[in-house]
2 protein chains.
Amino acid sequence: MTKSDRPPTLEEVAQRAGLSTGTVSRVINNAQHVSKKARQAVERAIDELGYIPNTSARSLATQRRGAVVLAISSDDPALFANLFFAEVITGVNAVIEETDLELLLVLAASERGRERLTRILQSRGADGVMLLALRENDPLSTMAEDAGVPVVHGGRPLDRTPQWYVDADNRGGARQAVEYLIAQGRRNIGTVTGPLDMHVGVSRYLGFREAMALASLSDTRVANGDFSEGSGAKGMAQLLDEHPDLDAVFVASDAMAAGALTVLRDRGHEVPGEIAVVGFNDIVTAQHTQPALTTVRQPIEALGQEMTRVLVRLIDGERPTPLILPTELVIRDSA
Amino acid sequence: MTKSDRPPTLEEVAQRAGLSTGTVSRVINNAQHVSKKARQAVERAIDELGYIPNTSARSLATQRRGAVVLAISSDDPALFANLFFAEVITGVNAVIEETDLELLLVLAASERGRERLTRILQSRGADGVMLLALRENDPLSTMAEDAGVPVVHGGRPLDRTPQWYVDADNRGGARQAVEYLIAQGRRNIGTVTGPLDMHVGVSRYLGFREAMALASLSDTRVANGDFSEGSGAKGMAQLLDEHPDLDAVFVASDAMAAGALTVLRDRGHEVPGEIAVVGFNDIVTAQHTQPALTTVRQPIEALGQEMTRVLVRLIDGERPTPLILPTELVIRDSA
DNA sequence: TTGAAAGCGCTAACAC
DNA sequence: GTGTTAGCGCTTTCAA
């Protein structure tokens, strides 16, 4: 601890080391053209003084902010209810920790939040942005790109394919789930879809159709949901009413699947004996439903990691490619 | 859109308005001593140019960073599995949105994360910090205070009471839960505690003891857990073995309660008929256990909000008081 | 009420 | 390999 209350400046380090600020700066940013001797002197001064560079000053001088923002644009609290949110952040954080970037979090669901994000990006308050959970025609998507900072999407907006994104293989995962049901001998398979104004909803539905088509089965047993538990219950009831021959159902989210299971139990249908159920996401709850839910696990933490890697590369001026991450079927008791 | 690629500067605004940078700056920070006329001219210039102040430059000049950090220090993934994390952030965000602060997120569980946090605070990279989920003797706690920025704790460390914190009424909640069991006619009540090296674990245990003492009941049916589902199962088994007369159990977390319910089912004990169970936290899963879990709900989002409010006041130079937020018993089927 | 100018702490271009 | 210095964009005295 020095006597001073204010943190030491680079200039003070320079004085202490008996060198110029230029040299000190070079050492800190480990540039070449510094003698071993000078380097050592500077390093000693730095830790004698406990010097830590001032971020604002550096940002001002370099015109890079040293921070990225993770923007979550969702009016859907269910996004949070899943481990989804926390896992993405864990992944993002893991990669961020390897760099010296800071992580800014912006919840951009509200109008206010969107404005804040806009401000931050416009004012070059961040070197890049990761966008999560966009709905159809979300203005955020183009806005971020207009701001001129690199943008990486987690998942894809429905209306356009952004230049850089990382997404789970929703379509493949759905297909895999349905193929599993078929392999178990199910034939009259229905689905409760997610919201069809979201890419993820559509993809999973397409995966269902694909698997059914490949097996030459009818894909007309369909009810629409919105990923919420209630909509799953409603969709299940509808399927049951409209298609009494149903012997299996692919439900596009675990939350909906939980709702579906409740309806099946209430109506006295045995799962999986009579009707098999597969969900999607592998949220914690999936292990605690009755029976435990067979579901498709997404690599959520990996999604966060890869988004961040792509963004970091972008910031470094590279040209990474979009990524699609594989999903995995987790077999439990419900199918 | 101006032709220039780089955002407009304050100086350009000044030129456009035919005024000095000093005046423009005054308008922006709405200081007094600006004529109506000047103010209008500046405002027009600002939105003609689409001017947005540069955060780094402002920080450098004012010596305030305009950002706060939310640091989560936990090696316990269960913290994330609850809605806890997401809800706190939602609360924090709500208050942050009312200010023009930015929110920095730091996961400080790893050594690396801790170092990052230290750097940020030491370098005045943030105007304040909120600390979540500290274990006993967590160095972060004192470190943050040493850095000389305002610190607000979410929950309390065990070893000392920080000057500013916001906590749920864990003790009161536990007492309420146990009193409810007693009111239902239960007498041989046991508890599976949380980790007793955390304030929250101890508080809930004390709440249990308090309620039992007030009713002149024996509080010796105790098993220790660590908030994990597995430890709940183990603790339940232990209680059952050691106290065959058990007729109710207060389990200090829902995750543990889920484990406890599994054991009770496996051993053929009927819940709540034979043994009543109450959990704590009201995580999503609580609605899906068999039977649905009676539990104590914490005001998690409010916790995030209040932490942030306290921090903002601190940054503004006020002296707020610590806060304890009430909990609520949610009665379902397990007790 | 307004203008001028000196920093805030750092980087980077240029000279030596 | 090292020192010097002019900014980066803003705020904030101090004069006028």
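First the proteins, then the strands, lettered A, B, ... as listed; each starts at 1. Values in this document were obtained by computation on a predicted structure and should not be read as measured data.
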J.: With a cut-off of less than 4.0 Å, is there a side-chain N or O of A:Ser35 near OP1 or OP2 of D:dT2?
T.: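 Looking at the OP1 and OP2 atoms of D:dT2, one of them is under 4.0 Å from a side-chain N or O of A:Ser35.
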
J.: What is the separation between atom CG on B:Leu60 and atom P on C:dG7, rounded to the nearest whole Å?
T.: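 After rounding, the gap between these two atoms is 14 Å.
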
J.: In whole angstroms, how far is the P atom of C:dT2 from the CD atom of B:Gln40?
T.: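 For the pair B:Gln40 CD and C:dT2 P, the rounded distance is 12 Å.
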
J.: Within the structure provided, determine whether B:Arg156 and B:Ile324 are in side-chain contact (heavy-atom separation under 4.5 Å).
T.: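 With C-beta onward as the side chain, the pair touches.
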
J.: Do we see a donor-acceptor contact under 3.5 Å between the side chains of B:Ser20 and B:Thr23?
T.: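 A pair is found: one side chain offers a donor N or O, the other an acceptor, under 3.5 Å apart.
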
J.: For a quick test of reading the model: is some side-chain N or O of A:Thr23 closer than 4.0 Å to OP1 or OP2 of D:dG3?
T.: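 Indeed, a polar side-chain atom of A:Thr23 lies that close.
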
J.: Among D:dG9, C:dC10, C:dT2, which nucleotide has an atom closest to any side-chain atom of B:Thr9?
T.: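 Selected nucleotide (nearest to the side chain): D:dG9.
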
J.: Are any of the side-chain heavy atoms of B:Pro150 and B:Ile315 separated by less than 4.5 Å?
T.: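 A side-chain contact exists here, since the closest heavy-atom pair is under 4.5 Å.
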
J.: When the distance from CD of A:Gln15 to P of C:dC10 is rounded to whole Å, what number comes out?
T.: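 Atom-to-atom, A:Gln15 to C:dC10, this comes out as 13 Å.
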
J.: Starting the side chain at C-beta, find the nucleotide from C:dT11, C:dT2, D:dT11 nearest to A:Thr21.
T.: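 Of all the options, the side chain of A:Thr21 is nearest to C:dT11.
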
J.: Is there side-chain contact between B:Trp164 and B:Leu311, with at least one heavy-atom pair below 4.5 Å?
T.: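 The answer is no, as the side chains (C-beta and beyond) never meet within the 4.5 Å cut-off.
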
J.: Between A:Gln63 and D:dG9, does any side-chain N or O lie under 4.0 Å from OP1 or OP2?
T.: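 Checking A:Gln63 against D:dG9: at least one side-chain N or O falls below 4.0 Å of OP1 or OP2.
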
J.: Is a salt bridge present between A:Glu102 and B:Arg119, judged by a nitrogen-to-oxygen distance below 4.0 Å?
T.: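 A salt bridge is absent here (no side-chain N lies under 4.0 Å from a carboxylate O).
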
J.: So which one's nearest nucleotide on DNA chain C is more toward 5', B:Gln32 or B:Gly22?
T.: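 Comparing both residues, the 5'-ward one is B:Gln32.
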
J.: May I ask you to verify whether the side chain of B:Arg6 and the base of D:dG9 hold a donor-acceptor pair under 3.5 Å?
T.: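 Between D:dG9 and B:Arg6, which were checked side chain against base, a qualifying N/O pair under 3.5 Å is absent.
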
J.: Without decimals, in angstroms, what is the distance between B:Leu19 CG and D:dT11 P?
T.: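 Taking atom P of D:dT11 as the reference, CG of B:Leu19 is at 15 Å.
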
J.: Among the candidates C:dG7, D:dT4, C:dT2, find the nucleotide nearest to the side-chain atoms of B:Val34.
T.: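 It is C:dT2.
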
J.: Which of these nucleotides, C:dC10, C:dT2, D:dT5, is closest to any side-chain atom of A:Tyr51?
T.: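 So the side chain of A:Tyr51 is nearest to C:dC10.
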
J.: Salt-bridged, A:Arg116 to B:Glu97, with N to O below 4.0 Å?
T.: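 Looking at A:Arg116 and B:Glu97, the cut-off is not met.
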
J.: For A:Glu12 and C:dC8, give me the distance from atom CD to atom P, rounded to whole Å.
T.: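 Value for this atom pair: 11 Å.
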
J.: At under 4.0 Å, does any side-chain N or O of A:Asn54 touch on OP1 or OP2 of C:dC8?
T.: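 No.
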
J.: Tell me whether the side-chain N/O atoms of B:Ser25 come closer than 4.0 Å to OP1 or OP2 in D:dC10.
T.: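 It does not, given that no N or O in the side chain of B:Ser25 lies less than 4.0 Å from OP1 or OP2 of D:dC10.
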
J.: Whole Å only: how far is the CD1 atom of B:Ile46 from the C1' atom of D:dC10?
T.: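 The answer, rounded to whole Å, is 13 Å.
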
J.: Round to a whole Å and report the spacing from NE2 of B:His33 to C1' of C:dT2.
T.: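 Rounded to whole Å, this separation is 11 Å.
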
J.: What nucleotide, of D:dT4, D:dT13, C:dT11, holds the atom closest to the side chain of A:Arg26?
T.: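 Looking only at side-chain atoms, A:Arg26 lies closest to D:dT4.
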
J.: Measuring from the side chain of B:Ala57 (C-beta onward, heavy atoms only), which nucleotide among D:dG9, C:dT11, D:dT2 has the closest atom?
T.: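 Closest nucleotide to the B:Ala57 side chain: D:dG9.
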
J.: Provide, to the nearest angstrom, the distance between the NZ atom belonging to A:Lys36 and the C1' atom belonging to D:dG1.
T.: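 The distance from NZ of A:Lys36 to C1' of D:dG1 comes to 15 Å, rounded to the nearest Å.
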
